[in-house]
Every structure is written in C-alpha cells, then in structure tokens.
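Each chain gets a letter, A, B and so on, in the order the sequences are listed, and its residues count up from 1.
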Amino acid sequence: MITKQEIINWLERAGEIYEKQRGYLTELDKAIGDADHGNNMNRGFQKVTENLADHSDSDIKNILSMVAKTLISSVGGAAGPLYGTLFLKGAGSIDASDEISDSDLLHFWEEGIKGVQARGRAEAGDKTMIDSLLPALETLKQSIGNNEEITKALEKAAQSAKKGMEETIPLIAKKGRASYLGERSKEHQDPGATSSYYLVSALAEAVSNNSSE
Amino acid sequence: MITKQEIINWLERAGEIYEKQRGYLTELDKAIGDADHGNNMNRGFQKVTENLADHSDSDIKNILSMVAKTLISSVGGAAGPLYGTLFLKGAGSIDASDEISDSDLLHFWEEGIKGVQARGRAEAGDKTMIDSLLPALETLKQSIGNNEEITKALEKAAQSAKKGMEETIPLIAKKGRASYLGERSKEHQDPGATSSYYLVSALAEAVSNNSSE
Amino acid sequence: MKKLINKVDDVLNEQLKGFASAHNDLLKVNFEPTFAYRKDAPIKNKVALISGGGSGHEPLHNGYVGSGMLDAACPGEIFTSPTPDQMYEAAKKVDGGAGVLFIVKNYTGDVMNFEMAADMAREDGIDVRNVIIDDDVAVKDSLFTAGRRGMGVTVLAEKICGAAADAGYDLDQIEALCRKVNRHGKSMGMALTACITPANGTPSFDLDENKMEIGIGIHGEPGVERMELKSANEITQMLVSGILDDENYTRKLHEWSSDKNDWVDVKVTDEPIGNGDRVIAMVNSMGGTPISELYGVYSKMEELLEAAGIEIARSMVGHYITSLEMQGVSITLLKVDNELLKFYDAPVHTPGWHQ
Amino acid sequence: MKKLINKVDDVLNEQLKGFASAHNDLLKVNFEPTFAYRKDAPIKNKVALISGGGSGHEPLHNGYVGSGMLDAACPGEIFTSPTPDQMYEAAKKVDGGAGVLFIVKNYTGDVMNFEMAADMAREDGIDVRNVIIDDDVAVKDSLFTAGRRGMGVTVLAEKICGAAADAGYDLDQIEALCRKVNRHGKSMGMALTACITPANGTPSFDLDENKMEIGIGIHGEPGVERMELKSANEITQMLVSGILDDENYTRKLHEWSSDKNDWVDVKVTDEPIGNGDRVIAMVNSMGGTPISELYGVYSKMEELLEAAGIEIARSMVGHYITSLEMQGVSITLLKVDNELLKFYDAPVHTPGWHQ
Ligand SMILES: Nc1ncnc2c1ncn2[C@@H]1O[C@H](COP(=O)(O)OP(=O)(O)O)[C@@H](O)[C@H]1O
Ligand SMILES: Nc1ncnc2c1ncn2[C@@H]1O[C@H](COP(=O)(O)OP(=O)(O)O)[C@@H](O)[C@H]1O
Ligand SMILES: [Mg+2]
Ligand SMILES: [Mg+2]
Ligand SMILES: [Mg+2]
Ligand SMILES: [Mg+2]
C-alpha cells in the first residue's frame with residue numbers, strides 16, 4: 001500500500017532534487033544537448049509543488065493527473081511531453097482513491113512508460129530516459145511478483161534505474177537532440193536518464209521514509 | 001638647398017616609419033580614438049611610396065602635389081584631409097624645380113600648417129597634430145632666420161616636434177575624436193601629434209643622411 | 001554574462017511586453033499561455049498558420065506574425081519548445097474556420113508538443129495539420145534517430161505558406177505546399193562562438209579561439225564536428241557543398257492523416273539542388289555576426305552556385321533565425337518554381353519581414 | 001579574432017561585391033573610388049541624397065541606398081571616413097540636375113572629407129549642401145570641441161529626406177528639412193563589449209566582465225564614462241534621461257552658404273523633447289546584441305516615456321547603425337510633427353529598410 005501522503009512526499013522530494021540538481025542536469029545537457037534539461041525539470045516540479053497546496057482534498061489519481069497537466073504545460077522541450085505522458089497514462093491506469101496497492105503502483109509505471117515510448121518512440125539503448133525507466137520497471141515487476149516489501153522493491157528499482165542511467169554513458173544517442181551529435185554523443189551520461197533515475201529514487205525515499213515513521 | 005632626391009628620401013623614409021609604427025600609432029588611437037590612425041597613415045604613405053615610382057621625371061612641387069592627392073584619396077578619417085591639406089598648401093607655396101631653398105622649405109611648412117589649421121581649426125594645446133607641427137615650425141623659422149645649417153635646423157625642428165608631441169600627454173583633447181572623452185583623454189599621447197613628429201623627423205633624417213653622403 | 005536584462009526569471013515576459021507594444025500596429029501578445037497573434041485574427045475563411053519553438057531565435061517566430069505570414073507564434077522558454085496549451089489556445093484564437101497549419105521544426109520536443117496541441121485542438125473540432133521542417137543537411141543518419149533539424153527553410157515555409165493562405169489556398173493545399181517547401185529546401189550552419197542563455201549564464205559550449213563548430217543547429221548546441229577555424233571562403237565552400245552534395249535524403253515523418261484520422265508515418269524524399277535550378281539563397285546570421293561578414297559569405301556562395309549552374313532567383317542576407325548572440329552563419333537554399341517564387345514575392349507586414 | 005573573412009586587406013571589397021550582387025535589383029557598386037548607388041540613378045529633377053562614413057556600421061549607409069532613401073553611399077575603410085573623391089564621383093553619378101544633399105555625421109574626418117568633396121563638386125557646377133547630424137547627447141561640452149557625434153538620427157534623416165526628395169522637395173527645402181530632423185532628434189548609446197576591426201585583430205578597448213561603457217559613439221571607441229555593469233532597466237533609464245534631460249544644446253555648425261558662396265558658421269539650437277511631444281523611438285543594436293534584448297529595453301523605455309508624457313508615434317527596434325559585433329544598445333528619439341511622420345511613413349526599398 002502507498003498512501004496519498006507518500007505520493008505527496010514523493011513529488012515534493014522530486015522537486016527538491018530537481019532544484020538541487022538543476023545545474024548538474026543542465027551541465028549534462030550542455031555536453032550533448034542544449035543545456036536546459038535541469039532548468040526544464042526544475043521549472044516543472046516547482047510548479048507541481050506549488051499546485052500540490054491546492055490538492056489536499058484530491059485523491060491520488062487526481063494528484064497524478066494534476067502532475068501530468070502541470071508538467072505538460074510548464075516543462076516544454078522533449079522532457080515536458082514525455083514526463084507529462086508518463087504521469088497522464090500512469091494516472092489513467094489506477095483507481096481514484098487515497099491509497100493505492102503495490103500492483104496499482106506497478107500499473108502506474110507500466111502504463112506510464114508505455115505512454116512515453118508511444119510518444120517518443122525510443123527503445124532501450126537509444127540513450128534516453130527509457131534507459132533508466134525500463135530497468136526500474138523490470139525490477140519493480142519482479143519484486144512485486146515475488147511479493148517483496150514495497151520499500152525494498154522501490155529501493156531495488158532505484159538501483160536499477162541508476163545502473164541504467166550509468167549505462168547510457170558509452171551509448172550513441174538515437175533519439176532526441178543528442179542524436180544530432182552521432183559519435184560525439186558517446187562518453188556522456190544522458191540527462192533524461194539521470195532525471196528519470198531521480199524520479200524513481202525520490203519515490204523510493206518517500207516510501208521508505210514514511211514507512212519508518 | 002634641399003634636393004629632389006632628399007625629398008624622395010624623406011617620403012620613402014616616412015613610409016618606412018609609418019609601416020613600422022603602424023601598430024604603435026593605432027594603439028595610441030585605441031586609447032583615445034578609434035584605433036585606426038596607424039592603419040590610415042600606413043595605407044596613405046605606402047600609396048605615396050608606390051606612386052613615387054612614376055615620378056622620377058617630376059619636379060619637387062609636382063611630387064608634393066602628388067603626395068597631397070594621394071593622401072587625400074587614400075587615408076580617409078581626420079588625418080587624410082589634414083595631411084593632404086598640409087602637402088597641398090605646402091606644395092602650392094613653392095616653385096616648380098628640382099631643388100628648393102631653405103626658405104622655400106620653410107614656406108612649405110608655414111603654408112601647409114596654415115592650411116591644416118584652416119581646415120581643422122585646431123589651436124595649440126588642443127591635443128592634435130598641431131601640437132607637434134607648430135613648435136617644429138617655430139624652431140625651423142628661428143634656425144633659418146639665424147642662417148643655421150639646414151641639417152642642424154631640421155634636427156632641432158624634429159626635437160621640438162618631439163617635445164610638442166610629449167606635451168600632448170597631460171592635455172584634454174579639444175578637437176577630433178578624442179574630444180568626446182573629455183577628461184578621459186588626459187594622460188594619453190595624441191596619435192596625430194606622434195605621426196606629425198615622425199613626418200618631421202623623417203625629413204631631418206633624409207636631409208642629414210644625404211648631406212653626409 | 002553580459003546581457004541587457006533584469007531578473008533572469010523576468011526576461012521572456014519583459015521582452016514580450018516590449019515586443020507587443022513596439023508592434024501593436026501588427027499584433028498582440030497573449031500571456032498565460034503565451035502566444036503572439038495577428039491583431040486582426042481570426043480572418044474568416046483563411047487558413048491560419050501557427051508556428052513556434054524555443055525563444056532565442058529572433059526574429060523567428062514572433063517576428064513573423066502579421067499579414068502575409070503567421071497568424072500566431074508560440075514562444076517557449078529560451079531554446080525550449082513551447083507547451084501544448086500555448087498552441088492549443090493560439091489555434092482557438094486564430095482559426096477562421098478554414099483550419100490551422102502548424103509549422104513545426106523537427107526537434108523532438110517541438111514535434112511532440114505540437115502533436116499534443118493538435119490532438120487537443122482537433123477535440124474542439126478545429127482541423128489541424130502539422131508539417132515538419134527538417135532541412136539541416138549536417139545531420140546525416142536519420143532512420144533511427146531524431147533526423148534532421150529545422151533551420152532556415154522554416155522562415156521560407158512561413159513566408160510562402162502565409163502568402164498562399166492570403167491567396168485563398170485551402171488547408172489541404174497549404175499543407176501540400178508547406179511539405180513541398182520542406183522537400184525543396186536545405187540548410188547548413190556553423191558557429192564561431194557559443195551563446196549564453198540568461199538562465200545558465202555561461203556559454204552553451206566551450207570553443208577555443210582557433211576552433212569552430214560546423215553543422216550546428218540553432219539552440220547553442222555543439223555541431224556535428226569541431227575543427228580548426230577556417231577562412232570565410234573555406235567555410236562557405238563547406239556549407240554549400242554540404243547542401244549541393246546531399247544525396248537523396250529519405251526519412252519517415254510523423255504526419256496527421258485526415259483519411260485515417262490518425263498519425264501516420266510518411267516516407268518523404270528531398271529534391272536535390274543542382275545544375276539548371278533556380279534558388280532563393282539565404283545567408284543568415286546566427287545572431288552576433290556583423291551583417292557585413294554575411295556579404296563576404298554571400299559573395300563566395302554566389303561564385304560556387306554559379307559554377308554549379310544554379311541561378312540565384314532571390315537573395316536574403318541578414319538575421320532570420322538566430323541563436324542569441326552566437327557568431328556564425330547558416331546558408332539555406334530553396335529550389336523554386338513559379339508557384340514558390342510568386343508567394344515569396346507577395347507582400348508581407350511583420351516585425352521581421354516587411355515588403 | 002574570430003571573423004568570417006579571408007585576407008584582411010580584401011575584406012571590404014569582397015563584402016561590397018557580395019552586397020552588390022545580393023541587391024542588384026536595387027543598386028550597383030562602383031569601385032575606385034568606392035560608392036554604392038541606386039540602379040536607376042540619376043533621377044532627373046529629383047534632389048539626390050548622398051551619405052557615407054566609415055564601414056562597420058551596417059546596414060548604414062550602403063544598406064539605405066535605394067528608392068525612397070539614399071541615391072548613393074560612400075563607405076570608407078572600417079571606422080574611417082571615406083575620401084573626398086568617393087563623394088565627388090558619387091555626386092557626379094547621381095545628380096539629376098536638382099542638386100545634391102550630403103548627409104554627414106559629425107566626426108572631424110567625415111566633416112572635412114565631405115567639405116572637400118562638396119568644394120570639388122561645386123567646381124563642376126553641381127549644387128551641393130552639407131547637413132551635419134550631431135545627435136549624441138552623451139557629449140556635453142561643444143563650444144571648443146568637435147561637438148556631438150552623429151548617431152541614430154542619421155538613419156531617420158536619410159529616410160525622411162529621401163521621401164521628401166521623392167515628393168519633389170527642392171534642394172533648399174530638403175536641406176532645411178534635414179536640419180530640422182537633426183534639431184529634433186537625440187541619441188545616446190552604451191556598450192557591453194568592444195568590437196574588433198579586421199585590420200587590428202584585437203578589441204577596440206578592454207572592458208572587464210563586470211563593466212560597461214556609457215555614452216559611446218559608433219566606432220568602437222570608449223564611451224564618456226566606464227561604470228559597473230547595470231540592469232537593462234537602469235541602463236535604459238540612463239539613456240532616456242540623457243536624452244530627455246538634455247538642456248537646450250547650442251553649437252555652431254559649419255555649413256555652406258549659397259548666398260555668401262562660402263562656408264559659414266551657423267548657430268543651431270536643438271529642440272527639447274518632453275511632455276506632450278510625439279516621437280519616433282528607435283532601439284538600436286550595436287551589432288552583437290540579440291534582437292530579443294532590445295525589446296526588454298524598449299519595454300522600459302516606453303514606460304519612462306509614458307511617465308514623461310511623451311507618445312511613441314512609431315517604433316523601430318533592430319539593427320540600424322552598428323559597430324561590427326559590439327554588444328550594446330542606443331536609443332534615438334525624434335520629435336515629430338505631421339511633416340516628418342508623413343515622410344517617415346512613405347514607401348522605401350533598400351536592403352536595410354523595406355516598407
Ligand atoms: N524520443 C525520446 N524518447 C524518450 N526520451 C527522450 C526522447 N527524446 C529526448 N528524450 C530525453 O529527453 C532528454 C532531454 O530533455 P530536455 O533537455 O528537457 O529537452 P530538449 O532536448 O528539448 O532540450 C534527453 O536527455 C532524453 O533522455
Ligand atoms: N581638427 C583637427 N585639427 C588637427 N588635427 C586633428 C583634428 N582632428 C583630429 N586631428 C588629429 O587627427 C588624429 C586622428 O587621426 P585618425 O585616427 O587618422 O582619424 P580619425 O579620428 O578620423 O579616426 C588625432 O590624433 C589628431 O592629432
Ligand atoms: Mg535540452
Ligand atoms: Mg582614428
Ligand atoms: Mg531544449
Ligand atoms: Mg577613424
């Protein structure tokens with residue numbers, strides 16, 4: 001079970017991370033993109049955090065839909081529609097309630113990532129956010145299939161996302177702005193894969209912190 | 001007596017000096033002007049040197065008129081019309097011949113500088129080329145009045161020009177581009193006063209070298 | 001960072017405010033969401049043209065709003081695609097009942113945001129088409145990548161389609177015309193220096209005094225190759241060869257099919273440009289390059305085109321699609337016929353293009 | 001030095017060659033001596049307008065040659081006045097029998113070279129007048145100095161007098177009109193960075209990252225004061241105050257008197273600009289500043305003018321009179337009446353200004 005408060009904590013924690021890592025994400029994007037990814041993510045999640053204040057009465061589905069709309073209308077770039085779609089499709093796959101089951105959480109990610117792939121048409125290995133999202137999803141699916149504790153499961157998913165992120169370094173980008181660079185995109189970590197890792201690890205943190213309270 | 005060869009040597013010598021001092025004159029102009037005086041003088045006198053080749057049969061008056069026209073049509077800026085006028089009015093004041101008397105040389109400078117002042121309306125102390133030309137003229141006039149040897153007389157005129165040039169350093173510019181700077185024009189040597197000193201000293205060199213041959 | 005700005009967060013809005021009042025004879029600017037639109041929009045029964053993209057490319061796109069060109073433009077943050085709500089609201093504002101054409105530069109973000117906007121507008125019953133401009137020959141590989149970027153051809157597509165809309169072309173015709181412009185046009189650019197976005201405050205890439213980037217886009221991103229600084233003639237030669245030697249470029253573009261009522265992938269092949277062709281030739285400043293230097297490039301380009309048997313029918317030299325204060329140049333050639341030329345020559349009244 | 005050039009000595013001619021062919025529908029360029037002139041010159045019985053000055057200020061002056069503006073322009077070396085033979089030959093080429101107006105920016109070199117050219121042309125029986133433009137309020141002292149520099153008002157003088165010449169004004173009327181424009185217009189500029197002439201290869205002055213020059217001219221020269229870098233709002237405030245607070249500026253200008261058949265000194269006093277006035281307001285890039293930043297300045301300028309009770313009748317934002325790639329901005333205000341506005345609004349077809 002994930003509570004509404006945990007979801008709120010997740011989103012707020014993500015906002016904190018993006019604010020802190022704004023410069024780092026932008027620096028990564030400078031190497032193989034246009035040096036705005038940190039600014040984009042930070043802009044979007046600050047808006048999300050702001051909007052959360054008006055959502056004390058909303059259920060989780062509503063909150064996640066709000067996140068989708070906020071990201072779509074404030075992030076821009078490639079990241080805006082992609083993360084927006086993640087939340088939009090993810091929210092669409094769960095029931096309206098104040099807590100969600102572990103398998104609902106799995107649905108959220110499954111459907112969300114499917115949406116990201118439908119929108120951006122990136123495959124694993126294209127050096128995009130997909131490269132941290134897919135491994136995280138795979139791990140989560142296994143853990144939940146094995147009835148592991150959700151805290152633990154998310155912890156491991158975050159680890160997989162991190163690994164996926166690091167494994168983007170040697171790749172040649174096939175999608176997004178970095179693909180213009182061809183061979184020159186090698187030896188750089190993908191900014192979107194990095195921000196995706198942050199998103200998963202923020203969730204892991206939010207859920208584990210809450211459970212230990 | 002100044003021979004035609006000495007006049008030619010003078011102009012060629014001036015050309016050498018301006019080529020060599022192009023950077024320095026431009027640097028001086030950078031501080032209080034628009035960083036082109038060395039380029040302007042060099043462009044003009046290279047043209048003069050080139051044109052001298054076609055003037056082996058011309059008399060001195062003709063040669064000096066050629067210099068006037070060449071400077072007027074190739075230097076541009078403030079220096080072009082001013083040095084052009086110097087030579088135009090100077091050449092107009094002497095007879096057509098293959099050598100000129102010391103007093104003709106004095107006339108050349110007297111009328112030339114009068115022309116410069118009529119055109120540019122600068123007075124002594126305005127921080128312009130006039131500040132080296134006028135002292136040089138004064139000295140030359142005295143020396144020739146005292147029947148001094150011309151080599152010596154030009155030597156001393158060049159010294160006066162140099163002194164005048166150096167004395168432009170503390171002045172506030174009243175004419176030309178440096179005047180826009182007001183107080184900020186202080187503590188800089190005037191580029192035009194410097195190029196004028198070179199012109200006088202090139203003549204002194206040309207005449208003394210020749211006499212000693 | 002040396003810029004004529006106040007607080008970094010206010011830059012875009014302040015500039016848009018100034019833009020709106022400086023050109024209040026031609027256009028208005030809507031805030032929340034942000035878009036510039038023709039003062040007299042909607043024009044009944046005229047197809048409406050909307051473009052947009054990151055800011056920092058001025059005069060593109062806001063500067064091309066006005067009669068004879070765009071009905072609306074949607075500026076994103078600097079170098080960041082705008083968001084769908086901007087295009088959606090703009091479409092509602094300027095649709096005169098004849099439908100809306102979105103002219104979209106081929107950047108992943110732009111493409112996706114405009115697609116979402118189109119889906120939203122269609123829900124409201126507005127007929128919307130997205131045409132993608134991808135004219136940057138510096139990007140070679142394409143089948144499994146984001147493909148080529150949109151560059152100078154965008155400006156020509158906006159101009160030519162704007163005139164066609166004035167002339168009464170319907171949405172199908174304008175869509176076809178816009179695709180034709182894209183297929184007939186090619187660009188390539190280079191940078192001598194990087195640029196600085198206010199949000200970052202440091203150069204978008206680091207470039208030595210004796211180096212240049214060739215094959216750049218328009219977002220201050222590094223180019224396809226970094227090399228020794230070369231002369232204007234050599235640089236021009238590289239850009240012109242890049243365009244003329246470009247082999248038959250084929251890719252799939254994601255387009256809306258009115259028949260299938262869905263997005264489809266359409267295979268598109270560019271027209272080569274060569275002997276006997278007539279072109280509109282654009283020499284475009286990346287922003288910080290003095291206009292005079294563009295003419296040096298123009299001079300060499302003309303010589304090369306003449307040698308290749310290509311006639312310059314019209315020439316454009318100046319600031320059309322820039323990257324802030326970046327120094328550098330891009331060349332765009334558009335192969336024209338009488339239809340394209342007629343619309344190119346038509347009157348236009350916008351802040352960035354008046355004729 | 002990073003520039004799109006080839007050999008330093010060829011820069012001007014190569015650029016002029018490119019300029020001539022890019023705009024061969026409007027003008028031609030003569031070499032030895034160098035000047036650009038309207039393709040259809042001379043226009044019989046129309047007063048001919050000639051301007052000129054150092055190169056590096058593009059689009060000024062060559063870019064303003066064409067119908068409705070200049071008949072000819074004489075470019076000097078970069079930042080160096082042209083030589084009299086250029087203006088003399090240009091005058092002979094474009095005089096249509098109604099006389100020639102020289103529009104001269106008030107720089108010692110320009111003034112002297114144009115005077116010499118006028119004297120030469122008059123010997124050939126051409127009626128020539130020189131009007132001096134000296135609109136730069138940053139230069140305060142004037143009685144015993146070179147006075148104020150010519151800046152943005154030059155562009156407006158060329159536009160307005162060009163239209164008046166088309167409308168049939170005779171030489172006396174145009175001369176009077178041009179003086180009126182000069183008396184009614186004021187400018188002030190600033191620089192964030194220096195610029196580099198190809199001949200020198202190093203910046204025209206050295207400016208720290210946190211410093212700016214205020215009260216600059218257009219030749220890459222240092223300004224009247226160097227100070228801490230300020231915000232766009234503060235900078236705009238300084239420029240606008242410089243213009244609005246300028247007290248009744250009086251100086252003597254060297255002008256040709258047809259009556260006396262000689263040069264005379266004429267005392268001229270500027271019109272102040274204040275409450276109740278209507279102005280044409282120009283925000284001009286020094287060359288390397290992105291267009292977007294100009295709009296930030298425009299926004300603040302408008303606010304300040306409104307507060308001062310001044311109405312912006314027309315606005316201009318862009319590259320009009322530049323200093324190569326220098327970053328910075330100048331503001332020009334021209335107080336207008338119906339006569340000036342009518343000529344400002346008239347059609348014009350030049351590379352730099354089309355309407
Ligand atoms: N087609 C795509 N599918 C999935 N992710 C993508 C795609 N294109 C780009 N991305 C991700 O988006 C990131 C860049 O986002 P951002 O910098 O915000 O947008 P932009 O590239 O428009 O500036 C990349 O690092 C990459 O991970
Ligand atoms: N009115 C004047 N009378 C005499 N000399 C002048 C006058 N104005 C300028 N000068 C001289 O010209 C020099 C500058 O020449 P130059 O740099 O070639 O021209 P510009 O100022 O047009 O760039 C100054 O250093 C000064 O000595
Ligand atoms: Mg990016
Ligand atoms: Mg100078
Ligand atoms: Mg971006
Ligand atoms: Mg000069």
Exercise. Between C:His23 and D:Tyr295, do the side chains contain an N or O donor and an N or O acceptor separated by less than 3.5 Å?
Worked result: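 Distance-only check passes for C:His23 and D:Tyr295.
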Side chain, backbone, both or neither: which part of [X] has a heavy atom under 4.5 Å from chain C?
| X | answer |
| --- | --- |
| D:Pro198 | neither |
| D:Glu302 | side chain |
| D:His349 | neither |

Tell me, for [X] versus chain D, whether the close heavy atoms (under 4.5 Å) come from the side chain, the backbone, both or neither.
| X | answer |
| --- | --- |
| C:Glu209 | both |
| C:Met190 | side chain |
| C:Pro59 | both |
| C:Leu192 | both |

Which of [options] touches chain C most, by non-hydrogen pairs under 4.5 Å:
| options | value |
| --- | --- |
| D:Met326, D:Met301, D:His319 | D:His319 |
| D:Asn233, D:Asn13, D:Thr236, D:Val297 | D:Asn233 |
| D:Ser21, D:Ala232, D:Cys195 | D:Ala232 |

Roughly how far, to the nearest 0.5 Å, is the [atom2] atom of [Y] from the [atom1] atom of [X]?
| X | Y | atom1 | atom2 | result |
| --- | --- | --- | --- | --- |
| C:Leu324 | D:Ser292 | CG | OG | 5.5 Å |
| D:Asn6 | C:Lys230 | CG | NZ | 13.0 Å |
| C:His354 | D:Gln355 | NE2 | CD | 6.5 Å |
| D:Gln15 | C:Tyr298 | CD | OH | 15.0 Å |
| C:Lys3 | D:Ser231 | NZ | OG | 15.0 Å |
| C:Glu58 | D:Leu294 | CD | CG | 10.0 Å |

Minimum-distance pair of heavy atoms, taken over all atoms of [X] and [Y]:
| X | Y | result |
| --- | --- | --- |
| D:Glu293 | C:Leu4 | OE1-N, 2.9 Å |
| C:Lys2 | D:Asn210 | CE-N, 4.4 Å |
| D:Gly288 | C:Glu325 | O-CB, 3.4 Å |
| C:Ala22 | D:Ser315 | O-OG, 2.5 Å |

Just checking [X]: does its [atom1] atom have more than 12 heavy atoms from other residues, nucleotides or ligands closer to it than 6.0 angstrom?
| X | atom1 | answer |
| --- | --- | --- |
| C:Glu311 | CD | yes |
| C:Glu306 | CD | no |
| C:Lys211 | NZ | yes |

